[in-house]
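To find a chain, count down the sequence lines: A is the first, B the second, and so on, and within it residues start at 1.
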There are 2 protein chains.
Amino acid sequence: MTEETREPQRHTGFLLRRAQQRHVAAWQHEVSGDITNVQYGVLAVLARRPGLAQKEIGEELDLDRSTIADVCVRMERGGMISRVQDAQDRRRNVLHLTERGRAELKRVVPLVDEVQVTLARGLTAAEHEQLRVLLGKLLGD
Amino acid sequence: MTEETREPQRHTGFLLRRAQQRHVAAWQHEVSGDITNVQYGVLAVLARRPGLAQKEIGEELDLDRSTIADVCVRMERGGMISRVQDAQDRRRNVLHLTERGRAELKRVVPLVDEVQVTLARGLTAAEHEQLRVLLGKLLGD
DNA sequence: GACTAATACTCAGTGCACTGACTATTTCAT
DNA sequence: ATGAAATAGTCAGTGCACTGAGTATTAGTC
């Protein structure tokens, strides 16, 4: 009756993985240059809330300590952010945008929406919105 | 009027990335052992279609040549598959499950559905199905 | 004030995922 | 039959993402 082995291609996780790959591909196509989607996230959060510590940025973007550390190291190396030990709490690295980081953010912002459009090319606006709602619900908001 | 910088956390791509992370986390929680979701995909495809080449498996799972090569190397090292040069076309590596691979697939199959359930805990069955439909549409099937 | 907990970060190791450059092999056109 | 194009894999390099172990610093308890 039931199939011996369900096709892995139908699983939700498989679809999510592929959709995420499409997003990365769309990003690289629309946004030229070295900056990645995750790095854009760091810039955008930091623009609103300068002086956050690595840990807090990581929480905003749902990245664990090691991952956000890696990202920050790369971004500091690329001259987009500064990382300075907090004088009040010397365990913390506080982060700020550099001029280059601010400029890069400004360059990228108008392109970001195009990436979403490209990604959702096969969906109507209503379907796209519903997809976001469902993903938000899956994530528990 | 419009915000200077839209919150990156609201973008579809951001939600997809987080949802995919949840899937990986659910997988690791439900399926103990070394096997990953992608590796399960290789096992499941190979069970139905033994003797496929790396390239073909990669196409099934939407992975590029380098990625599927890495995965296959690891799985061969782990004793789950065999990789043999095709006598007819010596460019190809043909893949087969080993006994260990077959056993591992058998172990994992019943757990896979639980992963999907865990992942979609916040959704009704109808919402879950709709999410799959929308993702399929986004991917262009 | 000293001991313990908790916190923030680093470091090493592993896996997925991509590009671009390269090798080997097969196929196709002339 | 040969030379060009296409195909399948490998290899090096980069980035995201996690775990587990370790360090330094702060905060809390006695």
Side-chain angles (χ1 to χ4, degrees), chain A residues 8 13-14 16-29 31-42 51-59 61-78 80 83-95, chain B residues 8 13-14 16-29 31-42 51-59 61-78 80 83-95:
Chain A
F14 181 82
L16 285 171
R17 180 176 64 75
R18 286 184 61 202
Q20 155 64 4
Q21 283 170 217
R22 290 292 173 88
H23 175 240
V24 173
W27 182 276
Q28 286 174 342
H29 186 258
V31 185
S32 46
D34 290 332
I35 192 173
T36 66
N37 176 54
V38 170
Q39 293 180 14
Y40 156 73
V42 172
L52 283 189
Q54 283 185 196
K55 203 226 167 182
E56 292 152 349
I57 299 262
E59 281 168 358
L61 302 178
D62 207 15
L63 299 173
D64 74 309
R65 66 214 136 93
S66 289
T67 301
I68 191 63
D70 281 350
V71 172
C72 288
V73 165
R74 280 189 289 269
M75 293 181 76
E76 188 184 33
R77 206 163 51 210
M80 295 203 284
R83 295 201 304 158
V84 184
Q85 192 181 45
D86 187 355
Q88 265 68 49
D89 184 342
R90 299 203 310 262
R91 290 171 301 187
R92 298 157 70 87
N93 283 345
V94 293
L95 306 175
Chain B
F14 181 82
L16 285 171
R17 181 175 63 76
R18 286 184 61 203
Q20 156 64 5
Q21 284 169 216
R22 290 292 173 87
H23 175 240
V24 173
W27 182 276
Q28 286 175 340
H29 186 259
V31 185
S32 46
D34 290 331
I35 193 174
T36 67
N37 176 54
V38 171
Q39 294 181 13
Y40 156 73
V42 172
L52 284 189
Q54 284 185 196
K55 203 228 167 180
E56 292 151 350
I57 298 262
E59 281 168 359
L61 302 178
D62 207 15
L63 298 173
D64 73 309
R65 65 216 137 99
S66 289
T67 301
I68 191 64
D70 281 350
V71 172
C72 288
V73 166
R74 280 189 289 268
M75 292 182 76
E76 188 184 33
R77 206 163 52 212
M80 295 202 285
R83 295 200 304 159
V84 184
Q85 193 181 45
D86 186 354
Q88 266 68 49
D89 184 342
R90 299 205 309 264
R91 292 171 299 186
R92 298 157 70 87
N93 283 344
V94 294
L95 307 175

Worksheet item: Are B:Arg91 and B:Lys55 side-chain neighbours, meaning at least one heavy-atom pair lies under 4.5 Å?
Response: no

Worksheet item: Is A:Ile68 close to A:Glu59 at the side-chain level, that is, under 4.5 Å between some pair of heavy atoms?
Response: no

[atom1] of [X] versus [atom2] of [N]: gap in Å, rounded?
{"X": "A:Gln21", "N": "C:dT19", "atom1": "CD", "atom2": "P", "value": "10 Å"}
{"X": "A:Ile35", "N": "D:dT14", "atom1": "CD1", "atom2": "C1'", "value": "16 Å"}
{"X": "B:His23", "N": "C:dG15", "atom1": "NE2", "atom2": "C1'", "value": "15 Å"}
{"X": "B:Leu63", "N": "C:dG15", "atom1": "CG", "atom2": "P", "value": "15 Å"}
{"X": "A:His29", "N": "C:dT19", "atom1": "NE2", "atom2": "P", "value": "12 Å"}
{"X": "A:Arg18", "N": "C:dC18", "atom1": "CZ", "atom2": "P", "value": "11 Å"}
{"X": "A:Asp70", "N": "C:dT10", "atom1": "CG", "atom2": "P", "value": "10 Å"}
{"X": "B:Ile57", "N": "D:dA8", "atom1": "CD1", "atom2": "P", "value": "14 Å"}

Fill in: Nucleotide paired to C:dG1 in any strand shown, Watson-Crick or G-U, under 3.5 Å
D:dC30

Worksheet item: So with a 6.0 Å cut-off around CG of A:Asp89, is the heavy-atom count from everything else above 12?
Response: yes

Discussion item. Going by side chain to side chain contact (heavy atoms under 4.5 Å, CB included), name the residues that satisfy it together with A:Arg83, two or more places apart in sequence or in a different chain.
Written reply: A:Gln54, A:Cys72, A:Val73, A:Glu76, A:Ile81, A:Asn93, A:Leu95

Worksheet, complete the sentence: Residue set satisfying side chain to side chain contact (heavy atoms under 4.5 Å, CB included) with A:Gln39, at least two apart, ordered chain then number -> A:Ile35, A:Thr36, A:Val71, A:Arg74, A:Met75, A:Met80

Under 4.0 Å between a side-chain N or O of [X] and OP1 or OP2 of [N]?
{"X": "B:Gln28", "N": "D:dC18", "answer": "no"}
{"X": "B:Arg83", "N": "D:dT10", "answer": "yes"}
{"X": "A:Asn93", "N": "C:dT10", "answer": "yes"}
{"X": "A:Gln54", "N": "C:dA8", "answer": "no"}
{"X": "B:Gln39", "N": "C:dG15", "answer": "no"}

Could you tell me whether [X] contacts a base, only the sugar-phosphate backbone, or nothing, with contacts defined as non-hydrogen atoms closer than 4.0 Å?
{"X": "A:Thr67", "result": "base"}
{"X": "A:Val24", "result": "nothing"}
{"X": "B:Ala25", "result": "nothing"}

Fill in: Minimum heavy-atom distance B:Pro8-A:Tyr40, with the two atoms named
CB-CE2, 3.7 Å

Worksheet, complete the sentence: Taking D:dA8, C:dA17, D:dT19 as options, the one with an atom nearest any side-chain atom of B:Asp64 is C:dA17

N/O-N/O pairs, protein side and nucleotides 22-25 of chain C side, under 3.5 Å:
from: C:dT25; atom 1: O2; to: B:Arg91; atom 2: NH1; distance (Å): 3.4

Worksheet item: For B:Leu16, does its backbone N or O pair with a side-chain atom of A:Gln20 as donor and acceptor, under 3.5 Å?
Response: no

Worksheet item: Is a side-chain N or O of B:Arg17 found less than 3.5 angstrom from the main chain of A:His23, in a donor-acceptor match?
Response: no

Worksheet item: Would D:dA24 be called syn or anti, given that syn covers angles within 90° of 0?
Response: anti

Worksheet item: Ignoring hydrogens and angles, are the base of D:dC11 and the side chain of B:Ser66 linked by a donor-acceptor pair under 3.5 Å?
Response: yes

Worksheet, complete the sentence: Per nearest nucleotide of DNA chain D, the residue lying toward the 5' end, B:Glu59 or A:Gln88, is B:Glu59

